[in-house]
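Side-chain atoms are counted along with the backbone in the values below, which use heavy atoms only and exclude waters and symmetry mates.
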Amino acid sequence: MPNSQTSPEASRLALIASDTERAQEAFAELAQAHDWVPQDEADMVVVLGGDGFMLQTLHAMIDSGRIIPAYGMNLGTVGFLMNRYRNGKTLAKRVAKARALKIAPLAMEAVTEDGKSHAMRAINEVSLLRETRQTAKIEVSVDDRVRIKELVCDGVLLATPAGSTAYNLSANGPILPLDSELLALTPISTFRPRRWGGAILPDRSSVKFRVLEHEKRPVSAVADQKELRDIAEVSLKIDRETELTLLFDPGHALDERIVAEQFVV
């Protein structure tokens, strides 16, 4: 469940950057501006790049079992999860004064056609996508109750607030503020039921997708950048035991950007 608080001042900061030219140039500049430590010794990590590299960094922390707050500076494109890039003269003070926003990923339990179970985490979204020219047929359940017996579509996704401005938005799903405690259930190219445009759910909800006719109409599941093919069913819920912390500058205009994005034409 997201919440905001003031972050404590940190004496040990790590610096990492994506492999893009802009991020590497900034890394070289900032490397001289502070006494950095390796990430496995740090209290917080400064992340240079775009939203994709921030997601990569957060997933690496989940996989390692050592999660520390992340302060991003945008050297990518959109940068919804990042702060504005500035030079290193005031960086330590900015990080010390940053506002902490806690988010939790989706826990995915997937069963493939061979009966094997797979567990993954998704910070942005979990998407089910047809693998062939055949449309997918998917049964959708929320809180153990079947809500749609047969969704005929190219796919369907469940997005967190952090992911609502990513694939979810391109699929005409709603934008969710990071502290909204909601999930977006969004169909992709729906054929039937024709008028169903998705749903907004409390983040305490559990969601299950069961693939119908999966041998004839194979479906893959993608948890952020990780893909599983030939899915039989997927169960999703928020993993409240895995809490991630993003740091934002005071007065960071993220809320305004979320509102403004909904009026882009």
Side-chain angles (χ1 to χ4, degrees), residues 1-3 62 102-131 135-164 166-168 171-224 226-244:
M1 182 181 300
N3 63 79
I62 292 173
K102 297 186 181 297
I103 61 173
L106 285 167
M108 179 180 87
E109 298 289 338
V111 178
T112 48
E113 291 178 12
D114 57 10
K116 294 181 180 179
S117 296
H118 306 263
M120 291 183 179
R121 298 291 181 272
I123 298 165
N124 265 6
E125 78 281 312
V126 170
S127 308
L128 269 66
L129 304 167
R130 64 183 174 96
E131 295 179 9
T135 55
K137 290 187 176 181
I138 300 170
E139 178 189 86
V140 180
S141 297
V142 178
D143 296 330
D144 298 319
R145 180 177 174 183
V146 175
R147 300 290 178 171
I148 299 179
K149 292 182 179 180
E150 185 179 88
L151 176 65
V152 184
C153 57
D154 282 355
V156 63
L157 65 84
L158 187 69
T160 67
S164 68
Y167 190 11
N168 173 71
N172 296 316
I175 295 177
L176 305 175
L178 286 180
D179 59 356
S180 64
E181 302 182 12
L182 298 171
L183 298 171
L185 176 58
T186 302
I188 303 167
S189 300
T190 309
F191 183 65
R192 288 194 181 95
R194 291 187 182 275
R195 291 185 179 144
W196 189 65
I200 297 175
L201 306 174
D203 69 356
R204 62 182 179 273
S205 303
S206 61
V207 176
K208 184 174 182 178
F209 300 127
R210 189 168 68 90
V211 180
L212 309 177
E213 303 178 22
H214 51 73
E215 293 183 357
K216 179 182 178 182
R217 303 170 183 271
V219 168
S220 65
V222 183
D224 289 344
K226 295 182 179 180
E227 181 184 23
L228 280 174
R229 296 181 71 82
D230 302 332
I231 295 297
E233 64 179 46
V234 168
S235 298
L236 300 166
K237 63 180 179 180
I238 287 291
D239 176 9
R240 301 194 184 280
E241 295 182 2
T242 303
E243 194 170 61
L244 302 163

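For residues 182-198, there are no salt bridge (charged side-chain N to carboxylate O under 4.0 Å, His left out) pairs, not counting sequence neighbours.
Remark: L106 CG to S235 OG distance equals 12.0 Å, nearest 0.5 Å. Between S220 atom OG and R130 atom CZ the span is 11.0 Å, to the nearest 0.5 Å.
N124 is linked by a side-chain hydrogen bond (donor to acceptor under 3.5 Å, both in side chains) to nothing, counting only residues two or more places apart in sequence or in another chain. Qualifying side-chain hydrogen bond (donor to acceptor under 3.5 Å, both in side chains) partners for E150, counting only residues two or more places apart in sequence or in other chains: none. Applying the side-chain hydrogen bond (donor to acceptor under 3.5 Å, both in side chains) rule to D114 yields the partners T112; only residues at least two apart in sequence or on another chain are considered. Every residue two or more places apart in sequence or in another chain that forms a side-chain hydrogen bond (donor to acceptor under 3.5 Å, both in side chains) with T186 is listed here: N168.
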Hey, can you pull the donor-acceptor pairs under 3.5 Å for the side chains in residues 205-213, sequence neighbours left out?
from: S205; atom 1: OG; to: P202; atom 2: O; distance (Å): 2.8
from: S206; atom 1: OG; to: D143; atom 2: OD1; distance (Å): 3.4
from: R210; atom 1: NE; to: E139; atom 2: OE1; distance (Å): 3.2
from: R210; atom 1: NH2; to: E139; atom 2: OE2; distance (Å): 3.1
from: E213; atom 1: OE1; to: R217; atom 2: NE; distance (Å): 2.9

Run I103 and T160 through side-chain contact (heavy atoms from CB on, under 4.5 Å) and show every step you take.
CA-CA 9 Å; I103 61 173; T160 67; over 6 Å; no
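For the residue pair A110 and I231, the shortest heavy atom distance occurs at CB-CD1, 4.2 Å. Residues C153 and I138 come closest through the heavy atom pair SG-CD1, 4.2 Å.
Under the 4.5 Å side-chain criterion, counting only non-hydrogen atoms from C-beta, R147 is not in contact with L185. Annotation: side chain of E131 is in contact with side chain of D230 (closest heavy-atom distance under 4.5 Å).
Of the residues listed (I188, V140, T135), the one engaging L151 in a side-chain contact (heavy atoms from CB on, under 4.5 Å) is V140, and it is the only one.
A salt bridge is defined here as a Lys NZ or Arg NE, NH1 or NH2 lying under 4.0 Å from an Asp or Glu carboxylate O, and D203 with R240 meets this definition.
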